[in-house]
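What follows is a short report on a single structure.
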Amino acid sequence: MPISGFPEWLPAQRMIEQRVIDRIRSTFELYGFAPLETRSVEPLDTLLSKGETSKEVYLLHRLQGSEDEKSEDQLGLHFDLTVPFARFVVENAGKLQFPFRRYQIQKVWRGERPQEGRYREFLQADIDVVNRESLPFHYDTEMPLVIGDALSGLPIPQARILVNNRKVCEGFYRGLGLTDTDQVLRTVDKLDKIGAAKTRQLLIETAGATEAQAAACLELAAISADDGSFVDAVRKLGVSDPLLDEGLDELLRVVETAREHAPGLVVADLKIARGLDYYTGTVYETQLRGYERFGSICSGGRYDNLASSGKERFPGVGISIGVSRMLGVLFGKQALTVSRSVPTAVLVALPHEDQRVACDRIAGALRRRGIPTEVAPAAAKFGKQIQYADRRGIPYVWFPGEPDTVKDIRSGEQVDADVTAWQPPDADLHPSISGEPR
RNA sequence: GUGGUCGUAGCUCAGCUGGUAGAGCACCGGGUUGUGGUCCCGGGGGUCGCGGGUUCAAGUCCCGUCGAUCACCCCA
């Protein structure tokens, strides 16, 4: 029986997942991020002190453990990769070179109610850069480019990274005279769901806004642009505040850098506010075109205060691809398929059981040349053996003989072949993933 | 964690106001004496998610539970 929120894929889907991970990993390394894996558990205090206030953390305890463990002794499964990473950096600061760029591809756990693309155990692929004391802003501009590069190499719908900056919102709200900027942010965040009228009402009721202030907040939230024009649009609203200026300047740099290196990838969208509450500046959120209703498949942001030890601070910026969420959503729409359900490229047919040794020899020779090969399970009729391959999508069946022949079962074409020379086309060597149903 | 909808064969589904389960596809075998996919014939397969209750009788009604999904919450 399945357990709610803990998905298990079939081999075909796992192959797709592995291909996706391969692509993400190689891209991360292409940009010089170093691999890291942290333990799955953290002290509960570490998890909770970093803003995760809800009870969605899974606790770990031994069956034979004592009932009255203190909370500082309790272990919880990590719910993201950023908090463990921050802890790791503080702990190992003396052994790391800064700025430190690392990637981490691991499972994380959250006790939320599952839905399509929302799980309790899921895989994240995360990159972060941290530095001592202060982190140059250009890293904030780099994050979307890495993600855009990784995702654009996959047969999935185009990604659109929505970017905002908390300084813009907070500065704007402050400039308006609103003091509870967090509450304003939380309310504005619901705009898409509850609509402008209700948002306006809530701003007045819960954030102490006047009609005019609420209207201004909505006007800010409505601004979205894939170029620098959003800056003028904000200025036209006539609010001024130093933090607002700083935020606009930063956001502009993200948008302009993306326009230079990856046109169409990034959009400044001043209503996005989400992410964990440790974010202090830039925030990212990513949609796949045509899949907007499934929410963000990749998000992150700048955190200036997450990691610190004594007087030392380690500000960072990072972004994380929700691999399981992205795949779950695409699987649900049958928008990702793989060319076969096994890695095998060649099935060696078995004429008689007493020829298994010879067939194993053929398979060995092919494998030594990097061709994934298996020998037929039984000396059934050749029709059955071909069917065995066909069911699994194995493209070639090898017939031992004088001479050996190999058949492309898709075309039916069968040619003489030599184990020391025959080579399938590169496209057939390994399963390939595509965006179209098979 | 809260609320709604749904849960019949591997898959898609049918099963009227309760009367002890059915189709198509898939699968297996044969026609086809060792090179598949078409066609024809035949066959296997279901504790009706699970548990309890009401009833002479429950796939069908009631309660609980598990799972899927949607909304809230929150977020990958």
Side-chain angles (χ1 to χ4, degrees), chain A residues 1-8 10 20 24 51-57 78-82 104-126 147 151 159 161 186 189-190 192-194 272-279 283-288 291 293-301 318-332 334 347-353 355 376 378-401 405-415:
Chain A
M1 279 298 282
I3 298 175
S4 187
F6 293 78
E8 296 182 303
L10 291 168
V20 168
I24 291 170
E52 188 47 52
T53 51
S54 69
K55 359 55 199 151
E56 62 179 35
V57 173
H78 57 220
F79 56 84
D80 74 1
L81 299 176
T82 309
Q104 221 171 312
I105 300 174
Q106 286 180 245
K107 289 278 179 66
V108 305
W109 295 266
R110 292 183 194 175
E112 283 298 322
R113 185 76 117 219
Q115 288 179 23
E116 183 161 56
R118 303 186 51 179
Y119 306 108
R120 290 178 161 178
E121 176 181 70
F122 57 97
L123 190 68
Q124 281 196 327
D126 193 294
I147 298 302
L151 297 183
I161 302 180
R186 272 196 296 277
D189 187 41
K190 297 180 180 172
D192 275 346
K193 282 186 178 166
I194 65 178
I272 80 146
R274 314 163 92 181
L276 288 322
D277 48 12
Y278 47 66
Y279 295 130
V283 288
Y284 314 99
E285 187 167 304
T286 309
Q287 301 173 336
L288 294 183
Y291 291 79
R293 82 172 188 87
F294 291 100
S296 177
I297 53 105
C298 172
S299 73
I319 188 164
S320 190
I321 301 173
V323 178
S324 305
R325 180 197 196 72
M326 182 172 83
L327 293 178
V329 164
L330 293 172
F331 288 162
Q334 270 125 36
L347 176 76
V348 179
L350 183 64
H352 287 286
E353 194 55 43
Q355 286 179 52
K381 292 183 186 176
F382 282 149
K384 290 268 178 280
Q385 300 195 35
I386 292 172
Q387 223 173 56
Y388 176 96
D390 190 41
R391 295 256 163 84
R392 293 162 177 73
I394 299 169
Y396 297 97
V397 176
W398 189 281
F399 293 95
T405 57
V406 65
K407 174 177 184 138
D408 179 336
I409 66 172
R410 296 157 302 185
S411 64
E413 187 190 2
Q414 188 164 344
V415 297

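Heavy atoms only: backbone and side chains are in, while hydrogens, waters and symmetry mates are out. Note on naming: letters A, B, ... go to the chains in the order of the sequence lines (proteins, then strands), and numbering restarts at 1 for each one.
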Which protein N or O atoms sit under 3.5 Å from an N or O of nucleotides 68-72 of chain B?
{"from": "rA68(B)", "atom 1": "OP2", "to": "S4(A)", "atom 2": "OG", "distance (Å)": "2.6"}
{"from": "rC70(B)", "atom 1": "OP2", "to": "E116(A)", "atom 2": "N", "distance (Å)": "2.9"}
{"from": "rA71(B)", "atom 1": "OP2", "to": "Q115(A)", "atom 2": "OE1", "distance (Å)": "3.2"}
{"from": "rA71(B)", "atom 1": "N7", "to": "Q115(A)", "atom 2": "NE2", "distance (Å)": "3.3"}
{"from": "rC72(B)", "atom 1": "OP2", "to": "K193(A)", "atom 2": "NZ", "distance (Å)": "3.4"}

- Message: Near RNA chain B, counting only heavy atoms under 4.0 Å, which residues of residues 321-331 of chain A show up?
- Response: G322(A), R325(A)
- Task: Sticking with atom P, work out how far rG53(B) lies from rG45(B), rounded to a whole angstrom.
- Result: 30 Å
- Partner of rU35(B) under the Watson-Crick or G-U wobble criteria, both distances under 3.5 Å, comes out as none
- Are any side-chain N or O atoms of T286(A) and backbone N or O atoms of I297(A), one a donor and one an acceptor, separated by less than 3.5 Å? no
- Indicate the atoms forming the closest heavy-atom contact of Q385(A) with A376(A), along with that distance. OE1-CB, 3.1 Å
- Message: Between Q124(A) and D80(A) (side chain of the first, backbone of the second, donor and acceptor by atom type, cut-off under 3.5 Å), is there such a pair?
- Response: no
- Task: Kindly indicate whether the side chain of L81(A), heavy atoms from C-beta on, has any atom under 4.5 Å from the side chain of Q106(A).
- Result: yes
- Query: Taking the same atom, C1', in rU65(B) and in rC25(B), what whole-Å distance lies between them?
  - Reply: 33 Å
- Query: Which residues satisfy the salt bridge (Lys or Arg N to Asp or Glu O under 4.0 Å) test with R113(A), sequence neighbours excluded?
  - Reply: none
- Intermediate values then yes/no, side chain to side chain contact (heavy atoms under 4.5 Å, CB included), F6(A) and W109(A): CA-CA 9 Å; F6(A) 293 78; W109(A) 295 266; 4.0 Å; yes
- Message: Using modelled atom types and a 3.5 Å cut-off, is there a donor and acceptor pairing between side-chain atoms of R110(A) and backbone atoms of F79(A)?
- Response: yes
- Item | Interatomic distance where CZ belongs to R391(A) and P belongs to rC25(B) [whole Å] | 15 Å
- rC62(B) and rG19(B), which share atom name P, separated by this distance in whole Å: 15 Å
- Nucleotide opposite rA71(B) in a Watson-Crick or G-U pair, distances under 3.5 Å: rU2(B)
- Message: With heavy-atom distances below 4.5 Å as the criterion, would you say the side chains of R325(A) and F122(A) are in contact?
- Response: no
- Report the C-alpha separation of Y291(A) and Q287(A) in whole Å, then their side-chain angles, then the decisive distance to 0.1 Å, and conclude whether the side chain to side chain contact (heavy atoms under 4.5 Å, CB included) test is met. CA-CA 7 Å; Y291(A) 291 79; Q287(A) 301 173 336; over 6 Å; no
- Considering Watson-Crick and G-U wobble pairs with both distances under 3.5 Å, what does rA21(B) pair with? none
- Task: Could you check how far CD of Q334(A) sits from C1' of rU12(B), rounded to whole Å?
- Result: 12 Å
- Message: Can you check the distance between rA26(B) and rC13(B), where both ends of the measurement are the C1' atom (answer in whole Å)?
- Response: 14 Å
- Partner of T82(A) under side chain to side chain contact (heavy atoms under 4.5 Å, CB included), picked from D126(A), V108(A), I319(A), is D126(A)
- Query: Is the NZ or CZ atom of R392(A) both under 6.0 Å from the centre of the six-membered ring of Y388(A) and within 45° of that ring's axis?
  - Reply: yes
- Task: Please confirm whether the backbone N or O of E112(A) pairs with a side-chain atom of R120(A), one donor and one acceptor, at under 3.5 Å?
- Result: yes
- Message: Under 4.0 Å, heavy atoms only, any strand: does K107(A) hit a base, just the sugar-phosphate, or nothing?
- Response: nothing
- Message: Would you say that more than 12 heavy atoms from the other residues, nucleotides or ligands in this model lie under 6.0 Å from the CD of E8(A), or not?
- Response: no
- Sticking with atom C1', work out how far rG24(B) lies from rG34(B), rounded to a whole angstrom. 32 Å
- Query: rG43(B) pairs with which nucleotide, Watson-Crick or G-U wobble, both distances below 3.5 Å?
  - Reply: rC27(B)
- Note on the structure: Reading nucleotides 45-50 of chain B from 5' to 3' and marking B where a protein heavy atom lies under 4.0 Å of the base, S where only the sugar-phosphate is that close, and - otherwise, the string is ------
- Query: Say you pick atom P in rG15(B) and the same atom in rG29(B); how far apart are they, in whole Å?
  - Reply: 34 Å
- Query: Expressed as a whole number of Å, how far does the P atom of rA68(B) sit from that of rG30(B)?
  - Reply: 41 Å
- Message: Between rA14(B) and rC48(B), how far apart are the two C1' atoms, rounded to whole Å?
- Response: 13 Å
- Item | Side chains of M326(A) and L151(A) in contact at under 4.5 Å (non-hydrogen atoms) | yes
- Item | Residues in ring pair (Phe, Tyr, Trp, His ring centres under 6.0 Å) contact with Y396(A), at least two apart in sequence or another chain | W422(A)
- Message: Can you see if the side chain of S299(A) gets near the phosphate of rA76(B) - specifically, an N or O under 4.0 Å from OP1 or OP2?
- Response: yes
- Is there a Watson-Crick or G-U wobble partner for rU65(B) with both distances under 3.5 Å, and which nucleotide is it? rG49(B)
- Can you give one letter per nucleotide of nucleotides 30-43 of chain B, 5' to 3': B if a protein heavy atom sits under 4.0 Å from the base, S if only from the sugar-phosphate, - if neither? ---SBBBB------
